[in-house]
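In what follows, a single structure is set out as structure tokens and then discussed.
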Number of protein chains: 2
Amino acid sequence: MNIKDVAARAGLPAKTIRYYEEIGLIRPLRAANGYRAFRESDLHKLEFIGRARSLGFSIDDCRSLLALYEDKARASGDVKALAERHLQRIEAKLAELHAMQDTLSQLVHACKGDARPDCPILSGLAKGPSCCA
Amino acid sequence: MNIKDVAARAGLPAKTIRYYEEIGLIRPLRAANGYRAFRESDLHKLEFIGRARSLGFSIDDCRSLLALYEDKARASGDVKALAERHLQRIEAKLAELHAMQDTLSQLVHACKGDARPDCPILSGLAKGPSCCA
DNA sequence: TATGGGGCTTCCAGTCACGGGAAGGTCAAG
DNA sequence: CTTGACCTTCCCGTGACTGGAAGCCCCATA
């Protein structure tokens, strides 16, 4: 398989796949002409990585997850620990975004949004003590 | 005021303040010795930027917000429009994170997390069709 | 007056996960 | 034989900083 086919089947840009090779996430073979020659197993890994990335795992996490995936003697506890750390990062980010949404939607709601210059949003940013997490 | 004082009062790292000058967000004066000489108005702007950043506004948004703040003939509708666009980005991000949290917490919950290798998290990543937003 | 330490300055490089685009080799169809 | 689609590598740019090196500047103390 050439890169475009894997890209289509894995749902990833070809550029991204080359990048994943560069950083050592995958190691496709090479044809005589220098083209990357992907096996089914490479495609499988790429799909794995794609799903992990879409769940927000970092590239480093993906590397660890792949290693665990390929280690048939892994402890599921290690996988779970990794996933739980990530889940906590997600939850922290969620809390942060919720706080922003809260403050910002209040400000937006208080602003008339007409042609006149008075604006609670700007005043809030200028010196609002009740603003910001 | 030297940079360390403004940094302390604005709650921003000195490095960040230098960066904000470099990209033209602020224009502090210079003392004879080459040191930046901050006025109260510079501090005020930095606090404004800091609050906007903590609400998640991009640097470009901050630039626009500052311009609107300083334009006494602004229309509050322009400010509101900018804030609403940002609010929508936040809400989109929230939805994305909620979806991740959803999927991931299901997987985590299904994983026993013991010393054995079977792991629903890894199987989910490997070929779970019900996985991923 | 020398010296030490903490400030300040600039500049360069790195972060994360790619994306854009140039320059050039390769392959299948017409 | 040419065209055009594919492939390759290489380098630069993104956003919003952060870290560190090299080198002034200023003040206090010995």
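Below, each value reflects all heavy atoms present in this structure, side chains not excepted, and no hydrogens, waters or symmetry copies. For clarity, every value in this text was computed on a predicted model and none was experimentally measured. Labels below follow one simple rule: chain letters A, B, ... track the order of the sequence lines, proteins then strands, and each chain is numbered from 1.
- Of all heavy-atom pairs spanning B:Phe38 and B:Ile3, the tightest one is CE1-CA, 3.6 Å.
- Between A:Arg30 and D:dT9 there is a side-chain N or O to OP1 or OP2 distance below 4.0 Å.
- Summarising the geometry, the separation between OH on A:Tyr19 and C1' on C:dC16 is reported as 7 Å, rounded to the nearest angstrom.
- A sub-4.0 Å separation between OP1 or OP2 of C:dA17 and a side-chain N or O of A:Thr16 is absent.
- At the heavy-atom level, B:Ile3 lies under 4.0 Å from the strands shown only through sugar-phosphate atoms.
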For nucleotides 21-28 of chain D, list the nitrogen or oxygen atoms of the protein found under 3.5 Å from its nitrogen or oxygen atoms, one pair per line.
| residue | atom | partner | partner atom | Å |
| --- | --- | --- | --- | --- |
| D:dC26 | OP1 | B:Asn33 | ND2 | 3.4 |

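- In this structure, CD of A:Glu22 is placed 13 Å from C1' of C:dG19, rounded to the nearest angstrom.
- Rounded to whole Å, the distance from CD on B:Glu21 to C1' on D:dC17 is 16 Å.
- Across the interface with DNA chain C, nearest-nucleotide mapping of B:Phe38 and A:Tyr20 shows B:Phe38 to be the residue nearer the 5′ end.
- Counting all heavy atoms, side chain and backbone alike, B:Val6 lies closest to B:Leu46 at CG1-CD1, 4.0 Å.
- Distances shorter than 4.0 Å separate some side-chain N or O of A:Arg53 from OP1 or OP2 on C:dC18.
- Put simply, CG on A:Leu46 is 16 Å from P on C:dA17, counting in whole angstrom units.
- A salt bridge links B:Arg89 to B:Asp61: one of the charged nitrogens lies within less than 4.0 Å of a carboxylate oxygen.
- Comment: A:Arg36 engages A:Glu21 in a salt bridge, judged by a side-chain N to carboxylate O separation of less than 4.0 angstrom.
- Using a cut-off of 4.0 Å between Lys/Arg side-chain N and Asp/Glu carboxylate O, B:Lys93 and B:Glu96 are scored as salt-bridged.
- In this structure, A:Ile49 places its CD1 atom 12 Å from P of C:dA17, rounding to the nearest Å.
- A salt bridge does not link B:Asp42 with B:Lys45: every distance from a Lys NZ or Arg NE/NH1/NH2 to an Asp or Glu carboxylate oxygen is 4.0 Å or more.
- If you take CD1 of B:Ile17 and C1' of C:dT10, they are 17 Å apart, rounded to a whole angstrom.
- Residue A:Arg36 places at least one side-chain N or O under 4.0 Å from the OP1 or OP2 atom of D:dT8.
- Computed from coordinates, the A:Arg89 CZ to C:dC16 P distance equals 12 Å when rounded to whole Å.
- Taking side-chain N and O atoms only, B:Arg18 has a distance below 4.0 Å to OP1 or OP2 of C:dT9.
- What separates CD1 of A:Ile59 from C1' of C:dC16 is a distance of 9 Å, to the nearest Å.
- When only modelled atom types and interatomic distance are considered, B:Ser76 and A:Asp114 share a side-chain donor-acceptor pair under 3.5 Å.
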